[in-house]
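Inspection log for the structure reproduced underneath, given as structure tokens.
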Amino acid sequence: MALSLTTAFSHLSLPSTSASKPHPLPLLLRLPSSSRRGPRLALSASAAEAAEPVEAEAPAAEDEVVAVEDELSGAALRKYVKQRLPGGFAAQRITATGRRKTATARVVLQEGTGRVFINFRDAKEYLQGNPMWMEYCKVPLVTLGFESSYDVFVKVHGGGLSGQAQAICLGVARALVKISNANKVTLRSEGLLTRDTRIVERKKAGLKKARKRPQFSKR
């Protein structure tokens with residue numbers, strides 16, 4: 001019996017010693033986990049591959065827009081305007097002249113997308129980004145709903161930017177009347193065809209300004 005008990009205890013101690021070795025169990029646990037994670041990695045890779053063309057297309061479109069903007073600037077913009085106006089401003093069909101203060105603007109209308117070019121430059125650049133002056137150039141077009149139907153080409157000189165913008169407004173309104181006489185009623189009701197004749201009065205001799213006199217001194 002003693003021998004049988006010792007042999008029994010020895011058999012019982014063997015699993016404990018084998019359990020102290022952690023090699024078999026972690027190997028069995030790692031194999032299923034690696035097999036389960038395999039498809040997940042494949043799905044993520046396929047999703048990344050599917051997403052790559054979309055991400056690559058977006059910068060390409062942005063690069064194209066930037067390239068177009070770069071082309072229409074400086075000498076390229078001047079060349080573009082000359083191509084659109086063969087023979088110069090005088091050879092175009094839809095032309096009109098607008099005046100305000102000492103500014104004179106010659107305006108040409110062509111079918112387009114609503115861009116405005118002033119003296120071979122973009123209107124936003126020429127008018128220094130002033131929203132009010134830029135709005136003057138498009139008021140007649142917006143009034144008739146043609147803000148995205150015509151491109152405006154302008155050659156202007158004299159006066160300041162404010163007077164030039166208002167001269168362009170009158171020139172665009174007069175050009176729209178040449179396109180269709182039916183536009184005259186709407187533009188006239190909005191006061192866009194009225195020439196503003198107010199100008200700065202000239203300075204007189206002996207005065208500080210047009211009418212301001214020096215202070216009177218009795219003695």
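Small disclaimer: the values here were computed from a predicted structure and weren't measured.
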Spacing of [X] atom [atom1] and [Y] atom [atom2] [to the nearest 0.5 Å]:
X	Y	atom1	atom2	value
L161	M132	CG	CE	13.5 Å
L85	K155	CG	NZ	9.0 Å
Q164	L127	CD	CG	8.0 Å
L170	R195	CG	CZ	7.5 Å
K178	T95	NZ	OG1	4.0 Å
Y136	N130	OH	CG	9.0 Å

Does any non-hydrogen side-chain atom of V152 lie less than 4.5 Å from one of L109?
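Side chain of L109 against side chain of V152, heavy atoms only: contact under 4.5 Å found.
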Side-chain contact test, heavy atoms from C-beta onward, threshold under 4.5 Å: evaluate it for N183 versus F146 and give yes or no.
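With C-beta onward as the side chain, the pair touches.
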Are [X] and [Y] grouped together when hydrophobic residues (ILVMFWY) are joined by side-chain heavy atoms under 4.5 angstrom apart?
X	Y	answer
L77	I118	no
M134	L141	yes
L192	V116	yes
V156	F120	no

Between R100 and D196, is a salt bridge (charged side-chain N to carboxylate O under 4.0 Å, His left out) present by the stated rule, with each step listed?
CA-CA 6 Å; R100 175 72 174 97; D196 193 347; 3.3 Å; yes
Is the backbone N or O of [Y] less than 3.5 Å from a side-chain atom of [X], with the two atoms forming a donor-acceptor pair by type?
X	Y	answer
Q166	W133	no
D151	R115	yes
Q110	R84	yes
K184	L193	no

Shortest non-hydrogen contact between [X] and [Y], atoms and distance:
X	Y	answer
L187	L176	CD1-CB, 4.1 Å
V154	A105	CG1-CB, 4.1 Å
R174	A96	CB-CB, 3.7 Å
C169	P140	O-CG, 3.4 Å
G158	A103	O-CB, 3.2 Å
T194	R188	OG1-NH1, 4.1 Å

Where at least one partner belongs to residues 153-173, residue pairs that pass ring pair (Phe, Tyr, Trp, His ring centres under 6.0 Å), sequence neighbours excluded
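The answer is F117-F153.
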Do D122 and K124 sit within salt-bridge range, that is, some charged N less than 4.0 Å from a carboxylate O?
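Looking at D122 and K124, the cut-off is not met.
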So for atom [atom1], which belongs to [X], do other residues, nucleotides or ligands contribute more than 12 heavy atoms lying within a distance under 6.0 Å?
X	atom1	answer
E111	CD	no
K204	NZ	yes
K203	NZ	yes
I94	CD1	yes
E135	CD	no
R106	CZ	no

Can you list the steps and then say if Y150 with I179 is a side-chain contact (heavy atoms from CB on, under 4.5 Å)?
CA-CA 11 Å; Y150 292 97; I179 292 175; 3.7 Å; yes
Does R121 qualify as a cation-pi partner of Y126, given the criterion of NZ or CZ under 6.0 Å from the six-membered ring centre and within 45 degrees of its axis?
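Pair R121/Y126 does not count as cation-pi.
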